[in-house]
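Note sheet for the following structure.
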Amino acid sequence: MVMTNNSASAISHPNIAFIKYWGNKNEKIRIPKNNSISMNLDGLETRTRVTFGIDNEADQLVLNGEEIDGEGRERVSRLLDQVRITAGISDKAKVESTNNFPTGSGIASSASAFAALSLAASAAAGLSPNIKELSKLARTGSGSACRSVPAGFVEWFAGQTHEDSFAASIAPADHWDLVDCIAVVSQEHKATGSTGGHAIAGTSPLQEGRVADAQRRLDLCREAILSKDFKAFAEITELDSTMMHAVMMTSTPSLYYWQAETLRIMQAVQNWRMDGLQACFTIDAGPNVHVICPAEHSAQVAELLTKLPGVQKVLSAKPGGPTKLIPE
Ligand code: PMV
């Protein structure tokens with residue numbers, strides 16, 4: 001046994017998917033049913049420090065200053081176990097993590113959490129994985145975390161096995177000046193997390209159709225991003241989000257992530273677009289609405305959103321960079 005007593009810190013951004021991941025071919029190692037496409041969110045961040053070699057029987061997890069036990073800590077331990085096996089160490093670790101955005105309300109905190117954890121833990125254990133290896137490792141903690149590893153606009157190639165399911169950048173962060181204006185209507189932790197949701201996706205009679213049509217939507221979205229065609233991007237992004245929510249609402253048990261405010265914002269955004277404002281919505285597993293627009297319209301979109309009933313605040317994020325190490 002090699003004792004390390006080393007620590008490392010990493011920073012990662014959450015990401016918003018334009019073509020969504022919902023449902024797995026392999027639940028255990030999170031091999032998804034379909035590819036997905038996303039953008040990292042600059043300014044929103046998880047900072048994680050991992051220290052191996054602590055004098056404790058179990059790994060320790062401190063999230064936003066609060067000690068976490070139970071399933072949350074076990075999920076972190078399972079990822080640390082993989083790093084320990086690769087590095088040939090057996091030390092327990094202390095993981096200290098902070099988010100600068102609300103946890104558990106559809107702003108993908110698990111994505112940045114597991115991406116930052118994967119890099120900090122690997123570096124603390126003396127490993128230096130490349131982007132592909134890191135993306136695969138992050139995926140096992142939370143599927144969408146694999147997309148927070150590479151920079152900018154990212155595609156997750158579903159693959160069939162652990163070896164070929166990973167994400168890669170399709171365009172750098174400065175490729176397209178988009179802004180995600182996140183209308184926060186709730187900061188509460190969601191009742192059913194995405195892990196439970198993925199497991200029941202197949203119970204919806206709509207899931208098969210959503211997956212069968214995924215390649216078409218992926219091609220349209222990727223092409224719209226590469227050619228910066230906002231109209232095409234808006235149409236396919238809204239369609240994909242609503243198809244995922246249709247699956248959620250028609251699964252057993254049914255999952256309704258939308259609140260009344262959520263639908264009101266969706267309708268407002270579509271009306272603004274009909275009036276010529278370039279903006280579109282997408283929603284993850286929570287009630288908050290991500291309104292995507294070109295940077296030149298973001299001040300107006302944020303102001304309009306703030307005036308809608310039930311909108312507590314609006315967070316704005318530009319395309320973000322990759323997961324990276326930061327000085328201790
Ligand atoms: O990575 P997970 O298990 O948190 O799943 C993410 C699911 C969605 O956010 C709803 C969609 C996506 O592709 O990010």
Side-chain angles (χ1 to χ4, degrees), residues 12-41 44 46 71-72 75-76 78-79 99 101-118 135-150 153-158 165-167 180 182 189-201 204 207 210-211 214 217-218 221-222 236-249 251 255-258 262 281-290 292 317 320 323:
S12 180
H13 305 291
N15 65 77
I16 180 64
F18 305 135
I19 301 298
K20 309 285 191 187
Y21 150 54
W22 197 248
N24 288 309
K25 293 195 273 235
N26 181 329
E27 292 305 336
K28 195 161 176 276
I29 57 167
R30 301 174 202 269
I31 308 295
K33 287 274 187 186
N34 58 273
N35 287 21
S36 49
I37 292 179
S38 61
M39 176 182 105
N40 288 348
L41 300 176
L44 307 183
T46 299
E71 173 53 24
R75 210 165 146 187
V76 165
R78 286 196 289 274
L79 193 135
N99 290 329
F101 57 96
T103 304
S105 48
I107 310 181
S109 56
S110 63
S112 48
F114 281 99
L117 174 69
S118 296
S135 180
K136 285 160 51 185
L137 176 62
R139 190 202 75 237
T140 64
S142 170
S144 59
C146 76
R147 295 190 312 239
S148 280
V149 171
F153 297 85
V154 170
E155 181 159 356
W156 173 9
F157 304 102
S165 188
F166 61 94
D180 180 4
I182 308 163
H189 217 282
K190 56 205 175 199
T192 305
S194 44
T195 300
H198 292 298
I200 60 167
S204 164
Q207 170 71 341
R210 192 194 71 85
V211 172
R217 299 192 306 283
L218 285 155
C221 183
R222 194 186 314 103
I236 202 64
T237 294
E238 286 189 356
L239 175 69
D240 189 86
S241 170
T242 302
M243 284 175 80
M244 178 183 73
H245 283 272
V247 167
M248 291 164 158
M249 289 185 241
S251 64
L255 299 173
Y256 287 83
Y257 288 109
W258 297 352
T262 312
F281 65 75
T282 183
I283 301 151
D284 278 348
N288 300 328
V289 184
H290 295 250
I292 317 293
T323 298

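Indexing begins at 1, ligand by ligand and atom by atom, following the structure's order.
At least one N or O atom of R147 sits closer than 3.5 Å to an N or O atom of ligand 1. For ligand 1, none of its N or O atoms has an N or O atom of T195 under 3.5 Å away. Here's the thing with W22: none of its N/O atoms is less than 3.5 angstrom from an N/O atom of ligand 1. Taking any N or O of S144, backbone or side chain, at least one lies under 3.5 Å from an N or O belonging to ligand 1. In terms of polar-atom proximity, H198 is counted as a contact of ligand 1, with an N or O under 3.5 Å from an N or O of the ligand.
Proximity of S36 to ligand 1, defined as any heavy-atom pair under 4.0 Å, is not found for any part of the residue.
When each of H245, M244, M243 is tested with K20 by the rule side chain to side chain contact (heavy atoms under 4.5 Å, CB included), just one qualifies, namely M244. Considering N15, N40, L41 in turn, L41 is the only one that fulfils the side chain to side chain contact (heavy atoms under 4.5 Å, CB included) rule with D180.
Close approach of ligand 1 to A17 (heavy-atom distance below 4.0 Å) involves ligand atoms 12 (C), 13 (O), 14 (O). Annotation for ligand 1: atoms under 4.0 Å from non-hydrogen atoms of G143 are 1 (O). Annotation for ligand 1: atoms under 4.0 Å from non-hydrogen atoms of S110 are 4 (O). The ligand atoms of ligand 1 that sit less than 4.0 angstrom from a heavy atom of M244 are 10 (C). Here is the list of ligand 1 atoms found below 4.0 Å of a heavy atom in S194: 2 (P), 3 (O), 4 (O), 5 (O).
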Side chain to side chain contact (heavy atoms under 4.5 Å, CB included) assessment of F18 paired with M39: CA-CA 8 Å; F18 305 135; M39 176 182 105; 3.6 Å; yes
Run the side chain to side chain contact (heavy atoms under 4.5 Å, CB included) check on L218 and E155 step by step: do they pass? CA-CA 9 Å; L218 285 155; E155 181 159 356; 4.1 Å; yes
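Comment: D240 engages R217 in a salt bridge, judged by a side-chain N to carboxylate O separation of less than 4.0 angstrom.
Residue contacts with ligand 1: A285 is included, with a non-hydrogen atom under 4.0 Å away.
Between Y257 and W22, the ring planes lie perpendicular to each other; the angle is over 60°, past the 30° to 60° tilted range.
Between W156 and Y21, the gap from one ring centroid to the other is short of 6.0 Å.
The environment of F157 atom CZ is dense: over 12 non-hydrogen atoms of other residues, nucleotides or ligands sit within 6.0 angstrom.
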